[in-house]
Amino acid sequence: MNITLPDKSIRDLPKGSTGLDLAESIGPGLAKAAIAVVVNGIQKDLSDPINEDSNVSIITISSDEGLEIMRHTLTAQVLARAVQNLFPGTKLAIGPTINNGFYYDFESKKTISNDDLEKIEIEMRKIISTDSDIKKRLHSKQDALKIFSEKDETYKEIIINEADQDDNFQLYYQDNDEFVDLCRGPHLPNLKHIGAFKLTKVAGAYWKGDAKNKMLTRVYGTAWKNEKDLKKHLIAIEEAEKRDHRKIGKEMSLFHFQEEAPGMVFWHPRGWAIYKNLESFVRNRLEKFDYQEIKTPQVVDRKLWEASGHWDKYRENMFITEIDEEHANDKRTNALKPMNCPCHVQVYNHGLKSYRDLPVRLAEFGSCHRYEASGTLHGLMRVRGFTQDDGHIFCTESQIENETKLFIELLSGMYKDLGFDNFDIKLSTRPEVRVGSDEVWDKAEKALENAIQKLELPFEIVEGEGAFYGPKLDFVLTDAIGREWQCGTFQADFNLPDRLEAEYVGEDGSKHRPVMIHRAVLGSFERFIGILIENYSGKLPLWLAPEQVAIATIISEVDDYASEIEEELKSINIKVIKDLRNEKIGYKVREHSAAKVPIILALGAREKESRTVSVRRIGSNNTETKSLNDFIAEIKVEAKSPSS
RNA sequence: GCUCAUAUAGCUCAGCGGUAGAGCACUUGCUUGGUAAGUAAGAGGUCACCGGUUCAAGUCCGGUUAUGAGCUCCA
């Protein structure tokens with residue numbers, strides 16, 4: 001039979017040759033490095049026979065595919081075996097690979113904790129050092145079930161029973177046959193191909209990812225082809241931890257949380273300064289795009305939530321308020337608003353609207369409260385009290401396309417000015433369960449798609465992931481270290497205008513339902529500020545920084561000069577810290593650098609004499625001396641918000 | 001919400017049955033020093049909360065709350 005290699009060369013091998021035979025026919029080096037093959041696009045074990053003319057490529061650990069196979073073998077054959085060696089009676093569930101590593105889910109009588117990881121690693125290295133071959137046998141369903149039921153591997157039995165095949169269940173063994181695991185494969189032919197690895201954490205995980213099921217113990221690890229790559233990865237994780245907004249927020253005293261209000265931010269002066277800078281940036285942009293800003297109530301009677309449908313669906317996530325009976329006649333049940341849209345419809349409904357008024361664009365910095373499950377709270381990223389840069393557009397179906405286009409223009413400009421040049425767009429289409437006719441969905445999906453295409457932007461379609469009330473666009477930005485954050489959203493809604501009876505008078509003189517579009521660019525201010533802090537490692541651009549210039553004196557004779565500069569900077573709205581303390585300049589520089597003040601001016605006798613300033617910028621160890629007038633002119637321009 | 005872990009000074013952490021510790025920060029004295037820590041002294045704590053074991057509990061046990069890592073969830 002003829003085997004076609006990726007370089008199009010053809011080799012003639014006897015029928016039934018294995019991947020290993022093929023590799024050997026090419027060269028001994030490759031035979032040694034080979035770990036698996038891809039036959040006609042499907043990954044196979046090196047020992048699998050090839051029975052017909054095929055396109056075959058050989059996988060080594062240097063490729064992404066090879067690395068994944070190695071991680072897979074490491075978890076399924078080594079980690080699983082090590083845990084069973086150490087903790088007999090542990091049952092195996094599943095052990096897949098993930099980005100940069102792998103995990104395995106176990107059910108064990110012994111609670112496995114982080115302290116056990118080192119012990120498990122040692123056991124794993126012991127197993128690897130045996131250089132065992134990994135062998136595969138195929139079993140019928142019945143045989144496979146028998147093998148695992150004897151071992152009391154409940155989860156493997158479930159997997160086999162739920163599989164649609166009747167035979168060819170792949171079981172992998174190591175040398176002595178003591179350890180067996182069911183696996184789709186392929187695996188390394190021998191444990192000596194395993195590279196560098198480290199177990200990273202243990203955590204609970206539900207069987208099959210369903211909260212109704214039993215909680216299993218999941219052990220996570222990371223694995224690479226060599227020590228160098230492993231180290232690189234561990235350093236990258238450390239770097240990411242250094243920019244954790246909770247850590248930086250504490251260091252810079254931006255905000256805090258406390259027990260009495262879990263998930264609600266106590267903003268400190270400096271953190272709130274950032275918030276205000278961001279808010280006024282957004283406000284200016286919204287005005288430019290013809291939004292009208294409104295403000296609606298925090299506490300609203302349940303009747304409105306019943307009408308909007310939220311009471312039925314999301315009540316368990318709402319903060320409900322009841323008035324103490326002793327103190328009020330009015331015992332109505334209210335809820336803190338979990339979202340702004342029902343209130344926005346109330347504003348829209350006030351006064352008769354004509355088709356000439358559309359589109360109506362209402363915006364609100366809407367404070368919302370949602371009772372999020374306690375385990376999901378996470379710094380500023382996931383909170384219970386937050387403020388959306390929310391907005392709702394009431395328009396006709398035929399206006400959706402243009403509104404989409406305008407929104408993307410608004411959003412891309414804002415992201416760019418905030419320092420995010422790249423973002424992806426995801427278009428989510430109709431889900432199985434939905435409201436509205438197919439005809440309307442066709443039009444709405446088409447409108448969103450057309451708008452993106454006219455702007456010549458790439459996008460991805462996510463089938464069936466739209467909300468039940470309409471299709472949506474999600475905007476995902478990429479931060480400085482390559483992490484993705486979904487922030488912006490644009491959702492057409494055919495449901496709420498109906499439920500809350502929004503109307504406009506059409507050209508024909510009769511009443512029609514407008515389409516409502518829910519949209520946000522940042523998502524929530526809290527979360528977005530968290531993202532900004534992590535993106536910039538706290539070193540925010542001058543216009544967003546809570547304190548912009550620190551004036552640090554070297555000798556007390558220049559205090560008056562420092563005060564003069566302070567006054568001048570304040571007069572052009574620059575936020576200044578004047579540091580006249582009896583400390584050395586090195587001490588002052590260190591302190592203000594740690595506080596991430598963008599600009600430090602050091603003033604000594606020379607500067608006062610020549611009316612200059614010595615400028616030191618955050619992130620740089622160089623200083624630059626320039627005339628006070630030049631500095632003022634420069635900073636005046638630089639500190640301007642990009643929205644002004 | 002679930003699993004596991006953690007909770008000691010403003011911050012970072014040590015202490016693990018026998019009178020609460022360190023570094024930094026803070027206050028005061030000396031020091032006017034040229035770009036990431038001058039120097040000395042002082043002050044600062046119901047050891048998260050509630051209960052239990054013990055002659056004796058930050059220390060051991062149980063519960064509560066919060067936080068962390070995952071899981072589930074996110075209108």
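Residue numbers begin at 1 in each chain, while the letters A, B, ... track the order of the sequences.
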**Item:** Ion pair check, A:Lys208 and A:Asp210, cut-off under 4.0 Å
**Value:** no

**Message:** Please classify the nucleic acid contact of A:Glu607 as base, sugar-phosphate, or nothing, using heavy-atom distances under 4.0 Å.
**Reply:** base

**Request:** Could you work out the separation of B:C47 and B:G21 based on their C1' atoms and round it to a whole Å?
**Result:** 12 Å

**Item:** Between C1' of B:C74 and NE2 of A:His310, the distance in whole Å
**Value:** 13 Å

**Prompt:** What is the distance, rounded to the nearest whole Å, between atom CZ of A:Arg606 and atom C1' of B:G34?
**Reply:** 6 Å

**Prompt:** Between B:U59 and B:G17, how far is it from one P atom to the other, in whole Å?
**Reply:** 11 Å

**Asked** Does the side chain of A:His378 get closer than 4.0 angstrom to OP1 or OP2 of B:G70 through an N or O atom?
**Response** no

**Prompt:** If you look at every strand shown and take non-hydrogen atoms under 4.0 Å, does A:Gly604 touch a base, only sugar-phosphate, or nothing?
**Reply:** base

**Message:** Only pairs with both distances under 3.5 Å count, Watson-Crick or wobble alike; so what is the partner of B:C73 in this structure?
**Reply:** none

**Request:** Select from A:Glu557 and A:Ala594 the residue whose nearest nucleotide in RNA chain B is closer to the 5' end of that strand.
**Result:** A:Glu557

**Asked** P atom, B:U72 versus B:C11: distance in rounded Å?
**Response** 33 Å

**Message:** By the 4.0 Å heavy-atom rule, please label A:Ala467 as base, sugar-phosphate, or nothing.
**Reply:** nothing

**Request:** Output all residues satisfying side-chain hydrogen bond (donor to acceptor under 3.5 Å, both in side chains) with A:Lys201, sequence neighbours left out; order by chain, then residue number.
**Result:** none

**Request:** Between B:A7 and B:C50, how far apart are the C1' atoms? Round to whole Å, please.
**Result:** 15 Å

**Prompt:** Taking the six-membered ring of A:Tyr103, is NZ or CZ of A:Arg218 closer than 6.0 Å to its centre and within 45° of its axis?
**Reply:** yes

**Request:** Considering only atom P, compute the distance from B:G52 to B:A56 and round it to an integer number of Å.
**Result:** 12 Å

**Message:** Between the base of B:C74 and the side chain of A:Arg370, is one N or O donor paired with an acceptor at under 3.5 angstrom?
**Reply:** no

**Message:** Between B:A48 and B:A41, how far apart are the two P atoms, rounded to whole Å?
**Reply:** 31 Å

**Asked** Using the benzene-type ring in the case of Trp, are the ring centres of A:Tyr104 and A:Phe106 under 6.0 Å apart?
**Response** yes

**Prompt:** So what does A:Gly523 hit on the nucleic acid, given a heavy-atom distance under 4.0 Å: a base, only sugar-phosphate, or nothing?
**Reply:** nothing

**Message:** Side chain of A:Gln491, heavy atoms from C-beta onward: which of B:G34, B:U12, B:A75 has the nearest atom to it?
**Reply:** B:A75

**Item:** Closest to the A:Tyr220 side chain, choosing from B:C71, B:U67, B:U35
**Value:** B:C71

**Request:** Compare side-chain N and O positions of A:Arg246 against OP1 and OP2 of B:A69 and report whether any pair is under 4.0 Å apart.
**Result:** yes

**Message:** I want to check one thing: is the phosphate of B:A36, taken as OP1 and OP2, less than 4.0 Å away from some side-chain N or O of A:Arg616?
**Reply:** yes

**Asked** Expressed in whole Å, how much space separates the P atoms belonging to B:C61 and B:A22?
**Response** 28 Å

**Message:** Taking pairing as Watson-Crick or G-U wobble with both contacts under 3.5 Å, can you name the mate of B:A41, or confirm there isn't one?
**Reply:** B:U27

**Message:** For a quick check of understanding: with a heavy-atom distance under 4.0 Å over all strands, which category does A:Asn317 fall into, base, sugar-phosphate or nothing?
**Reply:** base

**Request:** Select from A:Arg590 and A:Met318 the residue whose nearest nucleotide in RNA chain B is closer to the 5' end of that strand.
**Result:** A:Arg590

**Asked** Which is true for A:Gly209 with a 4.0 Å heavy-atom rule: it touches a base, it touches only sugar-phosphate, or it touches nothing?
**Response** sugar-phosphate

**Request:** Any strand is fair game: report the nucleotide pairing with B:C60 by Watson-Crick or G-U wobble, both distances under 3.5 Å, or none.
**Result:** B:G52

**Prompt:** Within the pair A:Lys201 and B:G70, is there a side-chain N or O less than 4.0 Å away from OP1 or OP2?
**Reply:** yes

**Request:** Using a 4.0 Å heavy-atom cut-off, write out nucleotides 1-9 of chain B from 5' to 3' as B (base contacted by protein), S (sugar-phosphate only) or - (no contact).
**Result:** BBB------

**Asked** Centroid-to-centroid, A:Phe475 to A:Phe420, below 6.0 Å?
**Response** no

**Item:** Electrostatic pair A:Glu638:A:Arg617 at N-O distance under 4.0 angstrom
**Value:** yes

**Item:** Candidate nucleotides B:C26, B:G34, B:A75, ranked by approach to the side chain of A:Tyr587 - the nearest
**Value:** B:C26

**Request:** For A:Leu377, answer base if it contacts any base atom (sugar-phosphate contacts may also be present), sugar-phosphate if it contacts only those atoms, and nothing otherwise; contact means non-hydrogen atoms under 4.0 Å.
**Result:** sugar-phosphate

**Fill in**
Whole-Å distance, A:Glu260 CD to B:A48 C1', equals 10 Å

**Prompt:** When you look at A:Glu557 and A:Lys608, which way does the salt bridge (charged side-chain N to carboxylate O under 4.0 Å, His left out) test go after all the steps?
**Reply:** CA-CA 9 Å; A:Glu557 274 78 59; A:Lys608 183 180 176 182; over 6 Å; no

**Item:** B:U19 pairs with, by Watson-Crick or G-U criteria that keep both distances under 3.5 Å
**Value:** none

**Message:** I need the CD-P distance between A:Gln388 and B:A75, as an integer number of Å.
**Reply:** 11 Å

**Request:** Ignoring hydrogens and angles, answer whether the base of B:U35 and the side-chain atoms of A:Ser614 contain a donor-acceptor pair closer than 3.5 Å.
**Result:** yes

**Request:** Rounded to the nearest angstrom, tell me the gap between atom CG in A:Asp244 and atom C1' in B:A69.
**Result:** 12 Å

**Request:** Rounded off to whole Å, could you give me the NZ-to-P distance for the A:Lys626 and B:U35 pair?
**Result:** 19 Å

**Request:** Give a yes or no on whether A:Glu609 atom CD has more than 12 heavy-atom contacts from other residues, nucleotides or ligands under 6.0 Å away.
**Result:** no

**Asked** Does NZ or CZ of A:Lys313 come closer than 6.0 Å to the centre of the six-membered ring of A:Phe468, within 45° of the ring's axis?
**Response** yes

**Complementary nucleotide for B:A5 - Watson-Crick or wobble, under 3.5 Å** = B:U67

**Message:** Using whole Å, what does the distance between atom C1' of nucleotide B:A75 and atom CZ of A:Arg382 come to?
**Reply:** 12 Å

**Item:** Beyond-backbone contact of A:Ser367 with A:Thr387, side-chain heavy atoms, under 4.5 angstrom
**Value:** yes

**Asked** A:Tyr469 near the nucleic acid: base, sugar-phosphate alone, or nothing, with a heavy-atom cut-off under 4.0 Å?
**Response** sugar-phosphate

**Message:** Suppose you measure atom C1' in B:C73 against the same atom in B:G1; what distance do you get, rounded to whole Å?
**Reply:** 9 Å

**Asked** Which whole-number value in Å describes the distance from A:Leu199 CG to B:G70 C1'?
**Response** 15 Å

**Message:** By nearest atom, which of the nucleotides B:C73, B:U32, B:A36 is closest to the A:Ser556 side chain?
**Reply:** B:U32

**Asked** Looking only at side-chain N and O atoms, does A:Lys250 come under 4.0 Å of OP1 or OP2 in B:U12?
**Response** yes

**Prompt:** Can you check side-chain hydrogen bond (donor to acceptor under 3.5 Å, both in side chains) on A:Arg499 and A:Tyr469, steps first, answer last?
**Reply:** CA-CA 11 Å; A:Arg499 292 193 74 123; A:Tyr469 49 72; over 6 Å; no

**Request:** Assign B:G58 to syn or anti; the rule is syn for a glycosidic angle within 90° of 0 and anti otherwise.
**Result:** syn

